[in-house]
2 protein chains.
Amino acid sequence: MAKTRWLSDAQQQAWRRFAAVSMLLPAALESQLQRDADLTHFGYWVMAMLSETQDRAIRMSELAALSNGSQSRLSHLIARLEERGWVRRERADEDGRGYLAVLTDAGYDKVVETAPGHVEEVQSLVFDALTVQQVGELDEICAAILPRLTPGC
Amino acid sequence: MAKTRWLSDAQQQAWRRFAAVSMLLPAALESQLQRDADLTHFGYWVMAMLSETQDRAIRMSELAALSNGSQSRLSHLIARLEERGWVRRERADEDGRGYLAVLTDAGYDKVVETAPGHVEEVQSLVFDALTVQQVGELDEICAAILPRLTPGC
DNA sequence: GCAGGATGCTTGAAGTGTCAAGCACCCTGA
DNA sequence: TCAGGGTGCTTGACACTTCAAGCATCCTGC
């Protein structure tokens, strides 16, 4: 067992703050969406992705990868969204095992109605606090970290 | 209703990456701690905080604030940790309503045993990807965002 | 053409978080 | 001193995520 590489003081401070943000920010977004749209952040995120694609339809597995969720998580979510009439499932033509998640018109309307309030929340919680330069730095930092988090690529 | 302040292209890109990191990083840490120590990230975080305090004891409400969790969440967590023998509760002397969460010796050992693997994971997922300068930038970015996330102060 | 294994997705159960309600104790003013 | 309201924490019910198991379909080699 190699010697532990403990965090330096600067790293420790950054880590505490970063960890706090990654705990509080999701909670804040969750709370806004729950309050204003009776929606989960993940649920909104998935519907928003669907709304931006051609035909408003994607394969389940592809959608799971895009939204950074497990297949099981997505499957449960889509089942709930389906009950509410915002999404429906269709068999994939090319592969009888696969399913397409399709955003319904009601689902599209829901996204359109929810987006402004959510975007405003993101602006006021995150970007209003940052300079243009910091936005770029954040982007680069996340781009550096991201590959280490996705086992696939 | 004011006009929606949509995200600029740069903001949108940063947001997508940042959102992805805030989804994947917690999941990765969760997974490592679950696998290696049968512990939640929040559970580890709370025990680690307790281990660093004088007397290894803090008031529940204070611990909830420090760990960025709700009182209810902390209460449930401490109940589970208590069952496993890592924490116990004591009535607060000064205020009969309050409780102290106290880390037991077994709990302290658990933290000591778990810390190296967890720190190594943080190093390899986050800090190994960043330059010294980026660590500073990340710290400042989080410091700028943080006040907007804590309603209290 | 078909057995055996891989793939895409679903399902059920167990664990954890949130919300609202509740209990016990503290403090203030009359 | 004691009624009324505030505070600290817990509790129970419900929602969501995960994990492992399961089902249906596809593909490969023989």
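Order of the sequence lines sets the chain letters (A, B, ...), proteins ahead of strands, with each chain counted from 1. Please read these numbers as outputs of a predicted model, since none were measured by experiment.
- Summarising the geometry, the separation between CZ on B/Phe42 and P on C/dG17 is reported as 7 Å, rounded to the nearest angstrom.
- By the neighbour-count criterion of 12 heavy atoms within 6.0 Å, atom CD of B/Glu94 is densely surrounded, having more than that number from other residues, nucleotides or ligands.
- Atom CG of B/Leu63 and atom C1' of D/dC9 are 13 Å apart (whole Å).
- Residues A/Glu52 and B/Arg16 are paired through a salt bridge, judged by an N-O separation under 4.0 Å between the basic side chain and the carboxylate.
- No option in B/Val135, B/Val122, B/Val21 other than B/Val21 meets the side-chain contact (heavy atoms from CB on, under 4.5 Å) test with A/Phe18.
- Residue A/Arg97 contributes atom CZ, which lies 9 Å from atom P of C/dT7 at whole-angstrom precision.
- Whole-Å rounding puts the B/Arg91 CZ to C/dA24 C1' distance at 7 Å.
- With rounding to whole Å, A/Asp95 atom CG is found 7 Å from D/dC27 atom P.
- Both tests do not hold together for B/Arg59 against B/Tyr99: distance to the six-membered ring centre under 6.0 Å, angle to the ring axis within 45°.
- Within 4.0 Å of A/Ser61, counting heavy atoms only, lie sugar-phosphate atoms of the nucleic acid but no base atom.
- Residue A/Gln32 is tested with A/His118, A/His41, A/Glu121 for a side-chain hydrogen bond (donor to acceptor under 3.5 Å, both in side chains); the sole match is A/His118.
- Listed in residue order, the members of residues 19-33 of chain B having a heavy atom less than 4.0 Å from DNA chain C come to none.
- Screening B/Arg56, B/Met60, B/Glu62, B/Gln54 for a side-chain contact (heavy atoms from CB on, under 4.5 Å) with B/Ile58, the sole residue that qualifies is B/Glu62.
- Regarding B/Gln71, its CD atom lies at a distance of 14 Å from the C1' atom of C/dA20, rounded to whole Å.
- Within a heavy-atom distance below 4.0 Å of DNA chain D, the residues of residues 73-82 of chain A found are A/Arg73, A/His76, A/Arg80.
- If you find the closest nucleotide of DNA chain D to A/Thr40 and to A/Glu94, the one lying nearer the 5' end belongs to A/Thr40.
- Under a 4.0 Å N-O distance rule, the pair A/Arg5/B/Asp128 qualifies as a salt bridge.
- Checked against C/dC19, D/dC9, D/dA20, the side chain of B/Ser72 finds its nearest nucleotide in C/dC19.
- In this structure, B/Leu100 atom CG and D/dC9 atom P are separated by 9 Å, rounded to whole Å.
- Residue contacts for B/Arg89: at a heavy-atom cut-off of 4.0 Å it reaches the sugar-phosphate backbone alone, with no base atom in range.
- Looking only at side-chain heavy atoms (C-beta outward), B/Leu81 and B/Met47 come within less than 4.5 Å of each other.
- Separating the OH atom of A/Tyr99 from the P atom of D/dC23 is a distance of 15 Å, rounded to the nearest angstrom.
- With respect to A/Asp38 and A/Arg84, a salt bridge is recorded, a charged nitrogen being found less than 4.0 Å from a carboxylate O.
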